[in-house]
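Inspection log for the structure reproduced underneath, given as structure tokens.
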Amino acid sequence: GQQLNQSPQSMFIQEGEDVSMNCTSSSIFNTWLWYKQDPGEGPVLLIALYKAGELTSNGRLTAQFGITRKDSFLNISASIPSDVGIYFCAGLSASGTYKYIFGTGTRLKVLA
Amino acid sequence: EAQVTQNPRYLITVTGKKLTVTCSQNMNHEYMSWYRQDPGLGLRQIYYSMNVEVTDKGDVPEGYKVSRKEKRNFPLILESPSPNQTSLYFCASTFFSGSFDGYTFGSGTRLTVV
């Protein structure tokens with residue numbers, strides 16, 4: 001099945017640093033979502049994007065829907081220890097199949 | 001509280017012994033889906049349902065069955081589990097309104113098949 005290319009796979013950063021991660025696809029998407037998964041829990045929605053070029057913030061998180069509709073970016077500013085977890089992007093295909101396709105995840109570890 | 005409830009949270013079973021993982025949501029969502037999560041592979045869709053009595057295969061449906069007799073419930077059935085079905089499973093639901101909102105996920109079921 002189709003998957004999104006998400007990078008980086010993992011990252012270790014110092015508390016207070018900014019973080020960037022992205023998702024790319026060879027296909028066009030109508031919707032991009034970003035989720036966070038804490039250990040032992042299900043993913044929780046952070047940000048949803050519905051229009052090409054859209055830039056949306058949720059606290060210290062900012063995400064953008066790429067102009068080409070084939071990519072999306074998530075930035076976390078001034079990271080804190082509770083930001084640790086796995087971040088997933090998900091895209092809703094424009095092909096009309098009503099299926100979300102998930103990225104492989106970015107594992108974030110924050111060093112205090 | 002709006003939520004997706006999966007049971008059990010943990011399950012160890014033997015090869016070939018039929019099992020069912022239950023999923024229930026209290027948000028009146030039309031769309032429900034099952035995913036499995038494996039290291040390095042992210043979340044892969046097993047089956048989904050757009051409404052009662054409407055189900056369809058996802059990307060990795062082999063070895064699984066589902067049913068959607070009621071709007072709130074979407075059980076995942078493994079008729080003859082095998083070790084390669086050892087995984088972390090998530091049920092998720094959302095409104096199906098033409099423009100999708102994000103999923104609400106359950107807390108997961110960690111299945112081990114020996």
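First the proteins, then the strands, lettered A, B, ... as listed; each starts at 1.
Atom NZ in A/Lys109 sits 9.5 Å away from atom CD1 in A/Ile86 (nearest 0.5 Å).
Without hydrogens or angle criteria, B/Thr109 side chain to B/Pro8 main chain gives a donor-acceptor distance under 3.5 Å. No side-chain donor-acceptor contact under 3.5 Å links B/Ser67 to the backbone of B/Lys69. With hydrogens and angles disregarded, a donor-acceptor distance shorter than 3.5 Å links the side chain of B/Arg9 to the backbone of B/Gly108. Side-chain atoms of A/Asn58 come within 3.5 Å of backbone N or O of A/Leu46 as a donor-acceptor pair. A donor-acceptor distance shorter than 3.5 angstrom exists from the side chain of A/Thr106 to the backbone of A/Pro8, with no hydrogens or angles considered.
The six-membered or imidazole ring of B/Tyr35 lies near that of B/Tyr103, with a centre-to-centre distance under 6.0 Å. A centroid separation of 6.0 Å or more is found between the aromatic rings of A/Phe65 and A/Tyr50.
The shortest non-hydrogen separation linking B/Gly102 to A/Leu45 is CA-CD2, 3.9 Å. Contact detail for A/Trp34 and A/Ala63: the closest heavy-atom pair is CD1-CB, 3.8 Å.
Within residues 70-93 of chain B, the residues that have a heavy atom under 4.5 Å from a heavy atom of chain A are B/Leu88, B/Phe90, listed by number. The contact list for residues 13-22 of chain B toward chain A, using heavy atoms and a distance under 4.5 Å, is empty.
For chain A, no part of B/Arg110 is nearby; none of its heavy atoms comes within less than 4.5 Å. When heavy atoms are compared at a cutoff of 4.5 Å, A/Gln9 does not approach chain B at all. In this structure, the portion of B/Gln37 lying under 4.5 Å from any heavy atom of chain A is its side chain and not its backbone.
Chosen from A/Gly105, A/Ala48, A/Gly42, A/Pro43, the residue pairing most often with chain B at heavy-atom distances under 4.5 Å is A/Pro43.
Side-chain polar atoms of A/Asp71 and A/Thr24 form no donor-acceptor pair below 3.5 angstrom.
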